[in-house]
Amino acid sequence: MSLALHDLLVCCRGLGNDKATERKKEAERFRRLLRNPEVVLELDRSSGTKGSKQLTWDAVFRFLQSYVQKETESMQSSRSVTATALATRKKKMAEICSLIKYFIRYANKHLLDLYCNLFTTSSKSINHVLVSRVIHMLVRGCCMQTDGFNNDLFSFFSKALLNARHAKHLSVLEHLVSALNIFLRSAAMNCRMRVCQLGEELLPSILNVWVDMRPSAALKEDIVEFFNLQICVHHPKGAKTQDTGAYAEDWTKWQSLLFNLYDALVKEISHIGSRGKYVTGTRHIAVKDNLIELTADICHQVNNINDTHVLEVTQASIRATQMGSPTHGSASKRRRIELGWEVLRDHLQPQHSDFDVIPWLQITAVVASKYPSMVPSQELVPLLSVLYQLLTEQRRGERGPYVLRCLREVARCQARYPERAQVHRAELGRLWGRVWALAMRGVSSPQTEALSLDLLSTIVHGELINMDREFWKLFSGSACKPSQSAALCLSQALLKCPVPKNLILSSSWDSMGITEGSGSHNLKETLIAWLLMTDQSDEMEETSRPHPIICRLALCYNFPHNLIAHILVSLTLKDTRAGLKFLLDNLGKSIFQFLEVQRIRLFSLCLLFIIITLTVSLLILHSIQSPSTPPECLVRCFSLLTGVLAGYISTGCLTEEEACRSQLFTKAKVFHSLKPILIMFVKVKMTEEGTMATLISIMKLCTQSGNVCPVPANLFVMILPAGLLSDLAEICKLLVSVYGVYGMYTMCNGSSLGTQSITKHNIVIFDNKSWSCLLLGAKSLLAEDHLAQQDLALLAVLEFLCKSVSVQPIHRLLFKPQEVRRRLLLLVEPIDFSKALHLHMYLVLLKKLPAADSLCPEEFDLLLRPLADLCDMYRQDQEICAAVLLGLLPYIRSMGKSHHMPDEMKHVQGSLLQVLSGFSFLSQTGKCMVTVRVALVQCLVALLEADPCCKWAVLSLRGTDKEDHPVSVILPSHLADAHHQVRMLVATSVERLFLEVSPEHPYKRKMLPLKHQQAAFENVYLKAQEGMKSSSSEDQQDEAFNRKATLLKSLSVVLCCSPVCEKQSLFALFQSYKENNIEELLIKKMLCSVSRELGYRSVKSFVSSHLYYLVAEWLAQRRSDDRYTIGSFPYTLLDLNTVKDFYNSSYQVLIPHLVFLDDFEQVKSIGRYLGRDWKELLANCFPKIMVNILPYFALSGQDSQVAEQREKAHKVYDLLKDANCLGKQQIDNLIHSNLADIVVELLMTLYEGSGREGDRGDLKCFIGELDPVPNPPYFSSYVIKATLDYLSNCHSANHKSLVAILSKTPISIQRILLAICERAAETTNSYERHRILLMYHLFVNLLLREVKDGLGGAWAFVLRDIIYTVIHHMNSRPVQGDEVSNRSLSLCCDLLTSVCRAALQFCDDALDCHLQVIVGTLTALVTCRPIISQQVLNLLQFLVIENQQKLKGSLSRLEPFPDLPEFKELRSAQHKLKYNAGTFTLRQVTAKYTN
């Protein structure tokens, strides 16, 4: 015996020691030994040897069983029932459970290997049925509580099922295929390619079982699930090509398998129909949904959109093709399979029986629903025609409902792609008109009412026909009762069509249940009466009252929440359509915004109050008086009342104060009368199942009513009686105390394993067939099977109470939320997590109680206090750990919204972080399976949302460094996780490292500080690259592909969310192309989505905008890696095919940088590739070359880096002056002829963030920390102006300014201004546009200094051009501007101020022609742009007040300023100026407007 096994044997014997302290020591030692890989290896080896006399897994379990028995006897011997004794006993039971689970986790792999080998290699004498059942249990256990043993299971299923058609017992296949499905679902995310490979390998064999072996119903279900899994994994979301995400190991083979599967399914459906024809008695005609879904999915894959074709397939291909198969070498039969829409329509012909038609109606409906893009335009008319024919004969058999469903999906399809119907618009309109008429008739039939209404609703929504007035008569009598379908149909009609004023009833509607009458009725009143089920017959006249039974039925329908209330409110508004759209879209939207868009007035508010108050009053009176009335009906009444009032508050018709004083609200308070009845009802009949079911129903309705937008939720909570919530809390306490004691302690995965089962049965791992069922077949403690009806009632009450005390703080509450919260938190103190009820109860409190910012620090602390014990008890139970982490998400979010002082929350934060630190450590050490790690990542993301800068979100990990790590560092570390799901979740969430994102307002985002973003990018890229290097050898192909996907997704998210890291991310992508061998197709797909997201026209335009930076960084890598040459640059990502194409399209970028790097040899090489003289290329690139050199001549200071750059620039310039290069004379000529272009290129290098604080000048107030660095080279405005001065000094004999030099040829100034404006128009990036506006500001200020000299006679044109350019940019800013857009507006306003000042100094009437446009633009900005309103008002005051004498004539012709406080002074000045000479005559006013 090895030393390792000897130590374990000694430890196992110690577990049976009579002393409890010794047993405890040995139990801890037992854990440590099992963690030793050498011990596990030796146990595997000895257990796998038949007749081994060494220690085996079986023997170890026997020792463990003896230990459990000893501990159980010890606990039974203690008679004490004190709290301390009970707590000790509970702790001891937890330790026993934990030790058993610990052992099972390590023993599982051996068990799996053993039984798999037993199945595949043993003789015939073994019971394969029993072994397959055990394997099923083991596979389920592995997939639930571990990350599985992928390689072993792939190999096993490949061997076990490849010859499935030879199986003698179908029950063996039933267990194995079910186990295969469990395994494939678990492995598909991480090992998609291997799952596809295994599916392609096994599908012929399993299809053969389906076709030839008459499987049982259960096996058929498993086989259909297997087929569905393979379709999903090969074709996610219906993808048909590799470009859209489809994958197959062997495409030819897979296509053949799909056709064979299609053929088999068509046969199966045909057989189902033929069998149905000859079965006596009633028989369900429809085919099961899973089979229909599968057939529809395969139809989508095998059918071409535009043609019908016939395919010949080899029938033998569905057989197993391995050597030894009986069909191997035999002749193959070939069959013809017809495919296409024409074939589909042939199955829908009216002459077929219901058994033949209905399955294909189901298939067509699913195809049109899941794949609307698959329905070709030329098929719409013939398909609709055949469906119409079927609908006309719906009285034959049972096909009617299926035809209606199919028509509904076709209608949705046409509505989704209206452009397809344009060619056949007239014919489709006629057909839909006929369908409409039949559907209207179908409403009167109980069998087709709901489906007919759904179809009508879809036609209305898609605007497929012009709806006639007859439609409204459906909602005016007994033809159609209020139901979910009817309410949805009515709401759709109200949203799409104006409501006619009157409704004229005619005798033609008698058959529909509508009373004949010649008089007209106000349609809105009729609709309101119909919704409230008010009897409108003449007999009732003014004493109309609701029919109690009908009302109860109507109100108990499963309506979408508050839909009836919204419809009722909208019907009392002048513009019903706008009102309903507003209410349905967003109840919390600003009412002022709503009223600005639609001026909506009440047309009959009092009418609604009278009808609703009367109706509900009588309903409540009837309901309370009738003992048979369900209490749920009253709750629905109250919910309707509060919903109506909330609608009026939201639309601005009532204030909350007025609503609370209204009759409706007063009537709602009759809810108080329900309270004593309900409480007594529950307390007296607590043991009755029906009572508990009623309580559950009521609580769910109440929770739903409080689970909507704040206004209706608050109103509903306001009507709750003072004592109701306290009494409900008391019921919770009673339920816990009475029924909580029967909770069972869970030993293994929630199985009930008490002392009886241990003492009576000698359980042995391999000898007792019930062992695996006992340990792995048990349900989780989280399963509702452990809960009685009373337990479910308790949880429903808890959820309602949590919701009620978590609403936003409001006045007029009849109860004290803090008192109810206190009573709820008292339930936590005696909690016993060994009981299923207590565990569920705590999870409900954890999820629901911290909603909004309702808890104080003490309440937070009380709620979290038991969490550490819970985690410690169930740290081995992966399902419970995941549930706990997910339960913490609302708690974390609530902490992020807390307004309490940081010091008050410090202890609460510490308790939470301690738990998360523990889970993070377990995750890092490989002790958490994927579900737990996914939940942990979600918690980390929530922490970043709560504390974006990680001021307190810091975890302490027990490890070698023992340091604290902010969550912003821990989250990216999961990019190197072993599981693809975890990595991709992190990759999609990395934007939280760059932005402040609130879950409540996902579109309101704020950039994090620069240092945080830079550190985040480094962490993300580093960890993603680390993940690229840690792929598993078992699943190398899958792992490599998955990790590439993680890297690409991470970089794409950074590219989309962080402008300041955009260039770095893009270069990281290019570098990954070279270093990680990422396929070009994958990168192009990613870049396509990114460029589209960022607003670029194409991938090429996006990459080209960063090309100079990319080239510079690429060549900078040559210092450490000589593979980074200009020729190795990944130019194919620019959609260029050859190096020559790259050089030809990009030499303007490449050559200037190569010249500055003194790499003239590469410049000459480019010339040779292009067949052009390299000196000519230098001349063409001359302006950009100068921009790389001249600024360094102008740089001041003796800094070593500046001196080095200056020296390098001089060296390159000297080389250019050399006679063998351009020469000095040509350089002078090029500078003179390209001066305007050199100025433009120099301005394009502006980046104020590059200079010292003192060098930023006038532009410093318009720059931000997060302005991204532009393409190199870049310089501050100080350096650029110095360079311009340097240019003017070098090329002007009398040292004139550069503007003066340019003024000699005024077209140069216009060319510069135009070039800057063109660049601004081309860019889609707001930061880049702002940088270009800074350049414009800089150059315009240089011009304004010398406008007094006339600018070569072009001053008027230049001023006009500048004014209208600035105004254009001010008007083109988005209404909801971000931070950079606001800075751009401020800059434009500042520039316009400078222009106006300069113009008025130079010429008094320079602004006369432009003043109306200037003032009109500025006036609008004051009200719509509050952030710059003061700046705009200052400019208006400068123009109107300070310069009124100079602009007197123009100001008097302006429109009056708005009558708002902001314009009071301006209005006064304008009025005084305008009427200074007296009032105007009619002739003068007429002359003003005619001129």
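Numbers here are sequence positions counted from 1. Please read these numbers as outputs of a predicted model, since none were measured by experiment.
For His234 and Glu200, the side-chain atoms include at least one donor-acceptor pair closer than 3.5 Å. Side-chain N/O atoms of Glu293 and Asn228 include no donor and acceptor closer than 3.5 Å.
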Set out, in order, the CA-CA distance, both residues' side-chain angles and the distance that settles side-chain contact (heavy atoms from CB on, under 4.5 Å) for Arg875 and Asp872, then state yes or no.
CA-CA 5 Å; Arg875 64 181 180 275; Asp872 185 57; 2.9 Å; yes
Leu153/Leu112 under side-chain contact (heavy atoms from CB on, under 4.5 Å): CA gap, chis, key distance, verdict:
CA-CA 9 Å; Leu153 287 174; Leu112 195 57; 3.8 Å; yes
How far apart are the C-alpha atoms of Met841 and Lys835, what are their side-chain angles, what is the distance that settles it, and do they pass the side-chain contact (heavy atoms from CB on, under 4.5 Å) test?
CA-CA 10 Å; Met841 182 178 71; Lys835 299 169 184 172; over 6 Å; no
Could you walk me through whether Val934 and Val937 satisfy the side-chain contact (heavy atoms from CB on, under 4.5 Å) test, starting with their C-alpha distance in whole Å, then the side-chain angles of each, then the deciding distance to 0.1 Å, before giving a yes or no?
CA-CA 5 Å; Val934 166; Val937 166; 5.8 Å; no
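Side-chain contact between Asn36 and Asp7: absent, with no pair of heavy atoms (C-beta onward) separated by less than 4.5 Å. You'll find the side chain of Tyr67 reaches within 4.5 Å of the side chain of Leu99, heavy atoms only. Looking at Tyr247 and Val233, their side chains never come closer than 4.5 Å, going by heavy atoms from C-beta outward. Using a 4.5 Å heavy-atom threshold, the side chains of Phe156 and Leu176 count as touching. Contact check for Val131 versus Asn127: no side-chain heavy atoms found under the 4.5 Å cut-off. Between Leu936 and His974, the closest side-chain pair of non-hydrogen atoms falls below 4.5 Å. In this structure the side chain of Leu55 never reaches within 4.5 angstrom of the side chain of His6, judged on heavy atoms. A heavy-atom distance below 4.5 Å is not found between the side chains of Glu38 and Ser2.
Closest of all the heavy-atom pairs between Cys928 and Ser923 is SG-N, 3.8 Å. Taking every heavy atom of both residues into account, Leu916 and Cys939 meet most closely at CD2-CB, 4.1 Å. The two residues Leu161 and Ser205 make their nearest non-hydrogen contact at O-OG, 2.8 Å. The two residues Asn17 and Arg23 have their closest heavy-atom pair at O-NH1, 2.8 Å. Pro866 approaches Ile831 most closely through the heavy-atom pair CB-CG2, 4.2 Å. Considering all non-hydrogen atoms of both residues, Leu922 and Thr925 come closest at O-OG1, 3.1 Å.
Within 6.0 Å of CD on Gln924 lie more than 12 heavy atoms contributed by other residues, nucleotides or ligands. Shown here is Lys25, whose NZ atom has no more than 12 heavy atoms of other residues, nucleotides or ligands within 6.0 Å. Around atom CZ of Phe1041, no more than 12 heavy atoms belonging to other residues, nucleotides or ligands sit under 6.0 Å away.
A donor-acceptor contact shorter than 3.5 Å links the side chain of Asn181 to the backbone of Asp222. Using a distance-only test at 3.5 Å, with no hydrogens or angles considered, no donor-acceptor pair links the side chain of Ser171 to the main chain of Val129. In this structure, the side chain of His786 does not engage the main chain of Leu837 through any donor-acceptor pair within 3.5 Å. The backbone N or O of His175 sits nowhere less than 3.5 Å from a side-chain atom of Arg133 that would complete a donor-acceptor pair. Judged by distance alone, with hydrogens and angles left aside, the side-chain atoms of Gln878 form a donor-acceptor pair with the main-chain N or O of Met929 at under 3.5 Å. A donor-acceptor contact shorter than 3.5 Å is absent between the side chain of Ser186 and the backbone of Ile182. Judged by distance alone, the side chain of Tyr874 and the main-chain N or O of Val884 form no donor-acceptor pair under 3.5 Å. Remark: the backbone N or O of Met137 is not paired with any side-chain donor or acceptor of Arg140 at under 3.5 angstrom. Of the possible donor and acceptor atoms, none in the side chain of Arg192 sits under 3.5 Å from a partner among the backbone N and O of Asp1038. Ser158 places no side-chain N or O within 3.5 Å of a backbone atom of Phe154 that could act as its donor or acceptor partner.
Atoms NZ and CG, from Lys847 and Leu888 in turn, are 10.5 Å apart once rounded to the nearest 0.5 Å. Once rounded to the nearest 0.5 Å, the distance linking CG of Leu64 with CH2 of Trp57 reads 11.0 Å. The CG atom of Leu118 sits 7.5 Å away from atom CD1 of Ile135, with the distance rounded to the nearest 0.5 Å. Rounded to the nearest 0.5 angstrom, Asn1042 CG and Gln1037 CD are separated by 10.5 Å. Atom CD of Gln938 and atom CG of Leu885 lie 9.0 Å apart (nearest 0.5 Å). Here the straight-line distance linking atom CG of Leu173 with atom NE2 of His128 works out to 11.0 Å at 0.5 Å rounding.
Salt bridge Glu26/Arg29: present, at least one basic N to carboxylate O contact under 4.0 Å. Contact check on Glu73 versus Lys70 returns no salt bridge, with no Lys/Arg side-chain nitrogen under 4.0 Å from an Asp/Glu carboxylate oxygen.
When each of Asp977, Thr931, Thr1046 is paired with Val982, the side-chain contact (heavy atoms from CB on, under 4.5 Å) condition holds for Asp977 and for no other.
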